[in-house]
Amino acid sequence: GQSLEQPSEVTAVEGAIVQINCTYQTSGFNGLFWYQQHAGEAPTFLSYNVLDGLEEKGRFSSFLSRSKGYSYLLLKELQMKDSASYLCAAADRGSTLGRLYFGRGTQLTVWP
Amino acid sequence: DSGVTQTPKHLITATGQRVTLRCSPRSGDLSVYWYQQSLDQGLQFLIQYYNGEERAKGNILERFSAQQFPDLHSELNLSSLELGDSALYFCASSVEGGGLTGELFFGEGSRLTVL
């Protein structure tokens, strides 16, 4: 099985940079995902890391260290619309990539 | 708009009853996944179907069942409902194997309230 831990909430101001951490313990591992979920809405895909290192995609970057069981999502130039819950999720080795184990989510609040 | 359609959006029913949630995947996606999101458990994988066949099973109760039809739409059946089954039920779809990124496309969800 999988166990993922992330902080329950983070706050930051508009224009700032924020990092959301995720640690995981797995019996097998096939990649780490980040999803964004606005209140009452569907989760939307942000990133997928299967190898160590940093993946940059516009204002969002995601980092993975498999040896440390650690990932983070970095959000730059924060905007009010970035206020949402950010979910990290892991896929099992040998399992379909759609079978994901999600963390409880980190609620990001961006203040003006 | 993810392209995944779920109905109904909201459903209120009583304990002991049975409901059916419906999902139409994105055009071309053969895999359908069901997830349950509740306040105390977070987002949990229930079951996956691929081209009509069950592919993977998660924390799905025996009172729950699902199927995928030849036109690829899927239904999640919840029976003998309990208060604790109140949750947001998401359907998601993907290309086979999740494609290059493993991205799942989620529907807007069906919010079930059991009274």
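None of the values given here were measured: they were computed from a predicted structure. In the text below, chain A, chain B and the rest are named by the order of the sequence lines, each starting its count at 1. Computation of the quantities below employed the complete heavy-atom set of this structure, encompassing side-chain atoms and omitting hydrogens, waters and symmetry-equivalent molecules.
Taking hydrophobic clusters as Ile, Leu, Val, Met, Phe, Trp and Tyr residues chained together by side-chain heavy-atom distances below 4.5 Å, Y72(A) does not share a cluster with I20(A). Residue F102(A) is grouped with residue Y33(B) when hydrophobic side chains (ILVMFWY) are merged at heavy-atom distances under 4.5 angstrom, including chains of intermediate members. Put simply, L76(B) and L61(B) are part of the same group of oily side chains (I, L, V, M, F, W, Y) that touch within less than 4.5 Å, one to the next.
Note: R99(A) CZ to L104(B) CG = 13.0 Å, rounded to the nearest 0.5 Å. The CZ atom of F45(A) sits 11.5 Å away from atom CZ of F106(B), with the distance rounded to the nearest 0.5 Å.
Only the side chain of Q37(B) comes within contact range of chain A, judged by heavy atoms closer than 4.5 Å. For K57(B), the part lying near chain A is the backbone, with the side chain staying farther off; criterion is any non-hydrogen pair under 4.5 Å. For L46(A), no part lies under 4.5 angstrom from a heavy atom of chain B.
The minimum heavy-atom distance between A42(A) and G107(B), with the atom names listed, is CB-O, 2.9 Å.
Heavy atoms of other residues, nucleotides or ligands lying less than 6.0 angstrom from CG of L39(B) number 12 at most. Residue-environment remark: CD (E77(A)) stays at or below the threshold of 12 foreign heavy atoms within 6.0 Å.
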